[in-house]
Each structure stands twice: as C-alpha cells, then as structure tokens.
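Notes follow the structure.
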Amino acid sequence: MTRLDFLNAPVEWAARRLLGCELVSDIGPRVRVRIVEVEAYDEHDEASHTFRGQNARNAAMFLGAGHLYVYRSMGIHYCCNVVTGAEGHGAGVLIRAAEPLEGIEEITRRRGREGIGATNGPGKLGQALGADVALSGSSLDDGPITLVVRDPVPDEEIATGVRVGISKAAELPRRFYLRGNPYVSRHHGAPGPRRAATQAGHAGG
DNA sequence: TGGACGATTGACT
DNA sequence: GTCAATCGTCCAA
C-alpha cells in the first residue's frame, strides 16, 4: 500500500486526476514539473503497448498503480508513463507535457533550449527529467522519479481531445490537458489544443 | 532471420 | 508544410 493507491482506478479517471500533480526527478540536480497534458492507455486499447499482452518491453505497465513506465520512441526519445490500475492490468497514463517549477537551469542544460519549448512534448519531457528505460518499473512513491499529488483540477479547467501520433484507435478522446496552459504540446496534423477545445472537447465539459 | 514500423522531434523550404 | 534521423521490438516465414 502506498499513497499512490488512488491510481488503482479507471485509467481515464486517473489521467484527469494526474493533471496538476507534479513529477520530481532526483536523478541529477532536482527537477520538478507540473503535469499539464496526459493521454490514457489500457490493455483494451488497440493503440496501447499492452494491447497484445505483456512482453519484455512493457512489463513495467503490468506492475500496478504507482510505477513508472519508460519507453523509447522512434529509436531516439524517451517517454514517461504513470502506471495505473491493478497489478497485471497493463494500463497507464502517458505524460505528454509539463510546466517547469524547479531546476529550470538543469532542464535547460539537458534540453539545450529554454522556455516553453523545453518541456512541451513527451520526448522533451523525458529528456528534461533525465529519464531512460533503466527507470522503467521503478516506484513513483520512493524511486528516482517521484509523483507529488496535488489537489484535483476542476473539471472546467480540463479539456479533452484525441490522442497524438497514433494510427490505431486514433479517434478515442483519451487526451486530457489544462485548458489554455501554454505548456500544452503543439503538434503537426491533428486538431491542436486551441481547436480541440471546440472540436473534440465536448467530453471536457 | 529479415523487413516494417513506431504513444517524436527538429531542421529546412 | 515537408522530411530525415535512428534503433529496438514485433510479426511473418
């Protein structure tokens, strides 16, 4: 039992609950960021790494709520996920973007750039936190990267949209972000944060 | 054992 | 707006 057991819940609820919470990395000089954009994935989701069952890469996703899952994207980038749900279920929340709160100098050093562009994407955030696959499976309760739980964000501040960069189940509205937050990622193609609020944001309220 | 692809980013036009 | 970088994992044979 840990203070993160509340993440043992439906992944979409957990995803919304994680908005506004903070991630603290003590891998190097302390870095602390506030989560502003997430996406939900679970084992029934064709776009999820866990859809085809457990394997060596995604084993961390089956460890249960409160663990960290890190994977490599496009052979280059590292992306961070918060594992949710019960042990053996293969559900988690991708942290897509965050707002730097502490250790901004370290983030700038790792990223080679500063400002909004330093943490407004999943690969960027992974680099800013110093994450890599060696951290996959570690505990977010007392591991090198920890989750700081904050008060829930009011529903009216949460926008909903379709997920980014996937080809399967791309229509599912399982992306959640803080409405109007400048650190929410922008990307090519699909409706971005500004338009999603009017096009795909019905579920957000 | 070999071929295709990916929960992305950044540079260039 | 368009495209290259880059490599582990998965699926087919």
Side-chain angles (χ1 to χ4, degrees), chain A residues 7 10-12 14-16 18-19 23 33 35-63 67-85 89-100 107-137 140 145 159-178 182-196 200:
Chain A
L7 292 173
V11 66
E12 293 184 15
R16 299 171 72 96
L18 283 170
L19 289 174
L23 286 173
V33 301
I35 297 169
V36 302
E37 180 180 3
V38 299
E39 288 179 359
Y41 292 86
D42 67 37
E43 70 273 28
H44 304 297
D45 184 342
E46 200 176 2
S48 172
H49 289 175
T50 60
F51 181 69
R52 297 176 183 280
Q54 186 170 347
N55 57 41
R57 174 177 62 148
N58 65 25
M61 282 279 276
F62 292 84
L63 293 177
H67 287 85
L68 180 66
Y69 168 55
V70 181
Y71 70 92
R72 184 197 347 260
S73 175
M74 298 296 164
I76 314 170
H77 305 289
Y78 294 118
C79 301
C80 298
N81 298 252
V82 174
V83 179
T84 68
H89 273 242
V93 176
L94 169 69
I95 310 301
R96 281 194 61 86
E99 172 182 350
I107 291 173
T108 301
R109 190 184 67 77
R110 285 176 176 154
R111 290 282 301 122
R113 64 172 58 200
E114 58 187 325
I116 290 176
T119 56
N120 66 345
K124 299 176 181 183
L125 180 62
Q127 186 179 10
L129 294 175
D132 70 67
V133 292
L135 297 178
S136 198
L140 284 165
I145 293 178
T160 306
V162 296
R163 292 175 296 189
V164 177
I166 58 175
S167 58
K168 318 238 176 175
E171 75 286 357
L172 295 180
R174 300 190 101 185
R175 169 170 172 251
F176 307 96
Y177 55 94
L178 296 186
Y183 290 89
V184 169
S185 70
R186 276 158 291 175
H187 52 83
H188 313 289
R194 293 167 187 171
R195 297 175 55 199

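Keep in mind the model is a prediction, meaning the values are calculated, not measured.
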Query raised in the report: Expressed in angstrom and rounded to an integer, what is the separation of A:Y71 atom OH from B:dT8 atom C1'?
Result: 8 Å
Query - Runs of at least three Watson-Crick or G-U pairs with DNA chain C, cut-off 3.5 Å - result: B:1-6 with C:7-12, B:8-12 with C:1-5
Report task. Whole angstrom is fine here: how far is it from CE in A:M74 over to P in C:dC3? Result -> 16 Å
Report task. Could you walk me through whether A:Q127 and A:R111 pass side chain to side chain donor-acceptor pair (under 3.5 Å), step by step? Result -> CA-CA 7 Å; A:Q127 186 179 10; A:R111 290 282 301 122; 2.8 Å; yes
**Report entry** For atom CZ of A:R163 and atom C1' of B:dT8, their distance in whole Å
**Finding:** 16 Å
**Report entry** Listed nucleotide nearest any side-chain atom of A:H77, set B:dG6, B:dT9, B:dA7
**Finding:** B:dT9
**Report entry** Stretch residues 109-116 of chain A: residues that reach within less than 4.0 Å of DNA chain B through a heavy atom
**Finding:** A:R111, A:R113
Query raised in the report: Pick the nucleotide of DNA chain B nearest each of A:N120 and A:G75; which residue has the one closer to the 5' end?
Result: A:G75
**Report entry** Sidechain-backbone polar pair: A:N58 side chain, A:H49 backbone, donor-acceptor under 3.5 Å
**Finding:** yes
Report task. Between B:dA7 and C:dT2, how far apart are the P atoms? Round to whole Å, please. Result -> 22 Å
Query - Closest non-hydrogen atom pair between A:L19 and A:E37, with its separation - result: CD2-N, 3.6 Å
Requested in this report: Measure from CZ on A:F176 to P on B:dA7 and round the result to the nearest Å.
Outcome: 18 Å
Query raised in the report: Under 4.0 Å between a side-chain N/O of A:S167 and OP1 or OP2 of B:dG6, yes or no?
Result: yes
Requested in this report: With the side chain of A:I76 defined as its heavy atoms from C-beta on, choose the nearest nucleotide among B:dT8, C:dA5, B:dA7.
Outcome: C:dA5
Query raised in the report: How far does the P atom of C:dA4 sit from the matching atom of B:dC5, given to the nearest Å?
Result: 15 Å
Query raised in the report: Backbone N or O of A:A169 within a donor-acceptor pair of the A:R163 side chain at under 3.5 Å?
Result: yes
Query raised in the report: If each of A:Q127 and A:V93 is mapped to the nucleotide of DNA chain B with the nearest heavy atom, which maps nearer the 5' terminus, i.e. the 5' end?
Result: A:V93
Query - Closest approach of A:A40 to A:F176 (non-hydrogen atoms, all atoms of both residues) - result: CB-CE1, 4.4 Å
Query raised in the report: Which pair of heavy atoms, one from A:V184 and one from A:L178, lies closest together, and at what distance?
Result: CG2-O, 3.7 Å
Requested in this report: For A:I166, report the nucleic acid contact type (base, sugar-phosphate, nothing); a contact means any heavy atom under 4.0 Å.
Outcome: sugar-phosphate
Query - Nearest atoms (heavy-atom pairs only) where A:E39 meets A:R96 - result: OE2-CD, 3.0 Å
Requested in this report: Considering just the side-chain nitrogens and oxygens of A:R175, establish if one lies under 4.0 Å of OP1 or OP2 belonging to B:dA7.
Outcome: no
**Report entry** Under-4.0 Å side-chain N/O to phosphate OP1/OP2 contact, A:K168 with B:dG6
**Finding:** no
Query raised in the report: To the nearest angstrom, how far is A:Y78 atom OH from B:dG6 atom C1'?
Result: 15 Å
Query raised in the report: Can you name the closest pair of heavy atoms from A:A128 and A:T119 and give their distance?
Result: CB-CG2, 3.8 Å
**Report entry** Whole angstrom value for the distance that separates C1' of C:dC10 from CZ of A:R57
**Finding:** 8 Å
**Report entry** Gap between atoms CZ and C1', on A:R72 and C:dA5 respectively (whole Å)
**Finding:** 14 Å
Requested in this report: Please determine if a side-chain N or O atom of A:R52 lies less than 4.0 Å away from the OP1 or OP2 oxygen of C:dC11.
Outcome: yes
Report summary line: Residues A:V83 and A:A91: closest non-hydrogen pair is CG1-O, 3.5 Å
Query raised in the report: Under a 4.5 Å cut-off applied to non-hydrogen side-chain atoms, are A:D42 and A:S48 in contact?
Result: no
Query raised in the report: Quick one: A:R186 CZ to B:dT8 C1', roughly how many Å, whole number?
Result: 16 Å
